[in-house]
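Before any comments, here is the structure.
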Amino acid sequence: MIYLDQAATSWPKPPQVVEAVTECLKNGVANPGRGGYAMAIETGRQVLAVREKAAAFFGLSNPSHVIFTASCTEAINVVMWGALWEGDHVIISSLEHNAVARTVETLRKRGLQVSIVACDHRQGVEYDDIIEAIRPNTKMLIWTHASNVFGTLFDLQALGSLAKEFGLSFMVDAAATAGIYPINMEEMHIDYLACSGHKSLYGPQGIGMLLIGNDYPLLEPWSSGGTGSYSEDLEMPEVLPDRLEAGTLNIPGIIGLGAGIDFVTQVTPDKMRQQSLKLINHLHKQLLEIEHITVYGPPPEMPRSPVLAFNVGFTDSNWTALQLTRRWDIATRSGLHCAPLAHRSADTSSVGAVRVSVGIHNTMDEIAELLAAVRILGKEC
């Protein structure tokens with residue numbers, strides 16, 4: 001199989017990640033903070049080490065502000081349910097994943113006010129449009145770092161500076177970029193950074209992170225339960241990370257994530273990004289030369305993330321992706337990619353799009369095989 005669905009989850013996982021998870025399960029894993037015996041203490045030490053790695057990787061000075069979640073989606077929900085109330089106003093982009101879009105819609109029904117700023121899937125956003133959307137009750141700017149459908153990449157430094165200028169909290173959905181694009185929370189004025197652990201950080205599925213800036217307002221916990229600390233109190237602790245980590249942590253996932261961060265650091269994000277973009281930009285240029293192919297997203301000369309969306313004629317994207325996997329064993333993603341707002345902005349809601357996403361393990365030969373298959377489909381449509 002040619003695996004070109006890295007934006008869904010990276011694969012294959014690095015051997016050191018597989019080994020770290022396996023060793024964790026084989027050699028003993030306990031719940032940190034729940035016991036004074038050696039295994040529990042050692043597990044706690046390992047979890048703290050991953051917090052420290054993540055904080056250093058993303059330019060956050062306080063490792064206790066690294067909150068482990070089940071996913072990037074959960075991280076986003078932790079912030080939105082914990083910081084936003086009836087009468088508050090938030091601003092989001094028209095390229096958001098449903099992790100943001102569905103959550104704001106749910107909260108909108110409970111009194112949250114929402115403005116969706118129109119973005120062009122090729123060019124991005126006009127910052128004046130964001131400024132025009134700001135109201136006296138605007139509390140938070142919530143923005144994706146890159147569209148998971150089109151690869152449209154946004155300037156976090158500019159967005160963070162804008163949010164700071166107008167006194168807004170700034171939350172970034174970095175599911176599509178964490179690991180391959182430089183993100184420094186303090187320099188970019190990011191208050192909340194939501195990350196997926198299993199994509200470009202190369203950890204296992206089922207683990208994500210919320211990183212909270214140093215000057216954060218106290219979030220209301222979106223779930224409550226045991227933390228192994230302050231057990232005499234019936235309310236959740238006010239200290240981080242305990243306040244936002246109720247229940248048993250996914251220890252194998254955390255350990256695997258730590259190994260993934262080590263892998264990315266060793267290879268270097270710059271090398272991973274450059275190699276992936278070389279493949280995507282080559283694919284983009286070649287697809288433009290094939291008859292009946294429509295390509296979406298930024299042109300090759302513009303900044304982007306290593307994903308690309310296209311369609312063959314007026315064919316439904318699900319049919320195209322099915323042909324690719326059945327006839328050539330090429331794995332891509334089709335449909336709406338959990339991002340209906342993005343597809344509305346590109347007028348692709350009726351047919352969706354075929355998404356190709358690459359990572360460090362993909363090759364130019366694989367892209368050549370995909371192009372050969374698309375040329376055949378283009379002639380058949």
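Side chains included, hydrogens not; waters and symmetry mates left out as well; all remaining heavy atoms used.
Although no hydrogens or angles enter the test, the distance criterion places a donor-acceptor pair under 3.5 Å between the side chain of Thr9 and the main chain of His198. A donor-acceptor distance shorter than 3.5 angstrom exists from the side chain of Asp191 to the backbone of Phe170, with no hydrogens or angles considered. With hydrogens and angles disregarded, no donor-acceptor distance shorter than 3.5 Å links the side chain of Asp173 to the backbone of His97. The backbone N or O of Gly378 lies less than 3.5 Å from no partner atom in the side chain of Glu291, so there is not a single donor-acceptor pair. When atom types are taken as modelled, the side chain of Ser317 and the backbone of Val354 share no donor-acceptor pair closer than 3.5 angstrom. In this structure, the side chain of Asn362 engages the main chain of Tyr3 through a donor-acceptor pair within 3.5 Å. Between the side chain of Thr103 and the main chain of Ala99, a donor-acceptor pair closer than 3.5 Å is present.
Put simply, the side chain of Lys53 does not reach to within 4.5 Å of the side chain of Val66, judged on heavy atoms. Residues Ile251 and Thr43 have side chains in contact (heavy-atom distance under 4.5 Å, counting atoms from C-beta outward). Residues Thr177 and Ser200 fail the side-chain proximity criterion, which asks for heavy atoms closer than 4.5 Å. At least one side-chain heavy atom of His343 sits less than 4.5 Å from a side-chain heavy atom of His337. Two residues are said to be in side-chain contact when any heavy atoms from C-beta on lie closer than 4.5 Å; Pro241 and Ile67 meet this criterion. By the 4.5 Å heavy-atom criterion applied to side chains, Leu288 and Ile293 are not counted as neighbours. For the pair Val117/Trp143, a side-chain contact is recorded, criterion being any heavy-atom separation below 4.5 Å from C-beta on. A 4.5 Å side-chain heavy-atom check between Met140 and Val79 finds at least one atom pair inside the cut-off.
Salt-bridge check for Glu105 with Arg108: passed, with a basic side-chain N closer than 4.0 Å to an acidic carboxylate O.
For the pair Ile183 and Ala178, the tightest heavy-atom approach, listed with the atom from each and the gap, is CD1-CA, 4.5 Å. Residues Gly179 and Pro269 approach most closely at O-CB, 3.4 Å, considering heavy atoms. Minimum heavy-atom separation, Trp328 to Ala373: CD2-CB, 3.4 Å. Taking each heavy atom of Ala101 and Leu341 in turn, the nearest pair found is CB-CD1, 3.7 Å. Residue Ile255 comes nearest to Ala20 through the heavy atom pair CG2-O, 3.9 Å, listed as atom of the first residue, atom of the second, then distance. Of all non-hydrogen atoms in Ala331 and Met1, the two that sit nearest each other are CB-SD, 3.8 Å.
Evaluation of the salt bridge (charged side-chain N to carboxylate O under 4.0 Å, His left out) test over residues 75-96, restricted to residues two or more places apart or in two chains, returns Asp88-Lys139.
Applying the 6.0 Å contact sphere to CZ of Arg375 captures more than 12 heavy atoms from other residues, nucleotides or ligands. The number of heavy atoms from other shown groups lying within 6.0 Å of CG (Leu234) does not exceed 12. The local environment of OH in Tyr37 is crowded, with over 12 non-hydrogen atoms from other residues, nucleotides or ligands closer than 6.0 Å. The 12-atom threshold is exceeded at CD of Glu301, counting heavy atoms of other residues, nucleotides or ligands nearer than 6.0 Å. Crowding of Glu52 atom CD: a count of heavy atoms from other residues, nucleotides or ligands under 6.0 Å exceeding 12. For Asp233, the CG atom is densely surrounded, since the number of other residues' heavy atoms within 6.0 Å is greater than 12. Arg326 CZ: 12 or fewer foreign heavy atoms inside a 6.0 Å radius.
Residues Leu277 and Phe154 share a single hydrophobic cluster, defined by chaining ILVMFWY side chains whose heavy atoms lie under 4.5 Å apart. Leu219 and Met185 fall into different hydrophobic clusters, where Ile, Leu, Val, Met, Phe, Trp and Tyr residues are linked whenever their side-chain heavy atoms come under 4.5 Å apart, directly or through other members. Under the 4.5 Å side-chain heavy-atom criterion for Ile, Leu, Val, Met, Phe, Trp and Tyr, Trp222 and Leu84 are members of the same hydrophobic cluster. The hydrophobic cluster containing Ile91 also contains Met188, counting ILVMFWY residues as joined when their side-chain heavy atoms lie under 4.5 angstrom apart, directly or transitively. A continuous path of hydrophobic side-chain contacts links Val172 to Ile261 [ILVMFWY only; heavy atoms under 4.5 Å].
A donor-acceptor contact closer than 3.5 angstrom is absent between the side chains of Thr106 and Lys109. The closest side-chain donor-acceptor pair between His89 and Ser115 falls under 3.5 angstrom. Inspection of the Gln113 and Asn137 side chains reveals an N or O donor paired with an N or O acceptor under 3.5 Å. The closest side-chain donor-acceptor pair between Ser64 and Asn62 falls under 3.5 angstrom. Inspection of the Asn318 and Ser334 side chains reveals an N or O donor paired with an N or O acceptor under 3.5 Å. For the residue pair Ser345 and His121, no side-chain donor N or O sits within less than 3.5 Å of a side-chain acceptor on the partner.
For an aromatic pair to be called close, the ring centres must be under 6.0 Å apart, and His65 with Tyr192 fails this.
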Side chain to side chain contact (heavy atoms under 4.5 Å, CB included), that's the test. Do Phe58 and Leu193 meet it? Break it down for me. CA-CA 9 Å; Phe58 292 108; Leu193 181 67; 3.7 Å; yes
Check against side chain to side chain contact (heavy atoms under 4.5 Å, CB included), Gln46 and Glu42: CA-CA 6 Å; Gln46 293 180 25; Glu42 174 60 17; 3.0 Å; yes
Could you give me the CA-CA distance, side-chain angles and deciding distance for Glu380 and Leu377, then say whether side chain to side chain contact (heavy atoms under 4.5 Å, CB included) is met? CA-CA 5 Å; Glu380 293 176 350; Leu377 294 176; 3.8 Å; yes
Using side chain to side chain contact (heavy atoms under 4.5 Å, CB included), reason through Leu324 and Leu370 one step at a time and then give a plain yes or no. CA-CA 8 Å; Leu324 289 173; Leu370 170 66; 4.1 Å; yes
Carefully, step by step, assess Glu220 and Arg243 under the rule salt bridge (Lys or Arg N to Asp or Glu O under 4.0 Å). CA-CA 8 Å; Glu220 283 298 313; Arg243 182 172 181 79; 3.5 Å; yes
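For the pair Arg273 and Tyr181, the distance from NZ or CZ to the six-membered ring centre is under 6.0 Å and the angle to the ring normal is within 45 degrees.
Of the inter-residue distances, the one linking Leu107 atom CG with Asn77 atom CG reads 8.0 Å to the nearest 0.5 angstrom. Rounding to the nearest 0.5 Å places CD of Gln323 at 11.0 Å from OG1 of Thr332. Distance CD1/Ile280 to OG/Ser357: 7.5 Å, rounded to 0.5 Å. Rounding to the nearest 0.5 Å gives a distance of 12.5 Å between CD1 of Ile212 and CE of Met209. In this structure, NZ in Lys199 is found 9.5 Å from OG in Ser71, a value given to the nearest 0.5 Å. One finds the CD atom of Glu245 at 10.0 Å from the OG atom of Ser223 (value rounded to the nearest 0.5 Å).
With Val358 as reference, Leu279 is the one residue of Leu308, Leu283, Leu279, Asp5 to meet the side chain to side chain contact (heavy atoms under 4.5 Å, CB included) rule. In summary, of the residues considered (Leu244, Ile254, Leu210), a side chain to side chain contact (heavy atoms under 4.5 Å, CB included) with Phe68 occurs for Ile254 alone.
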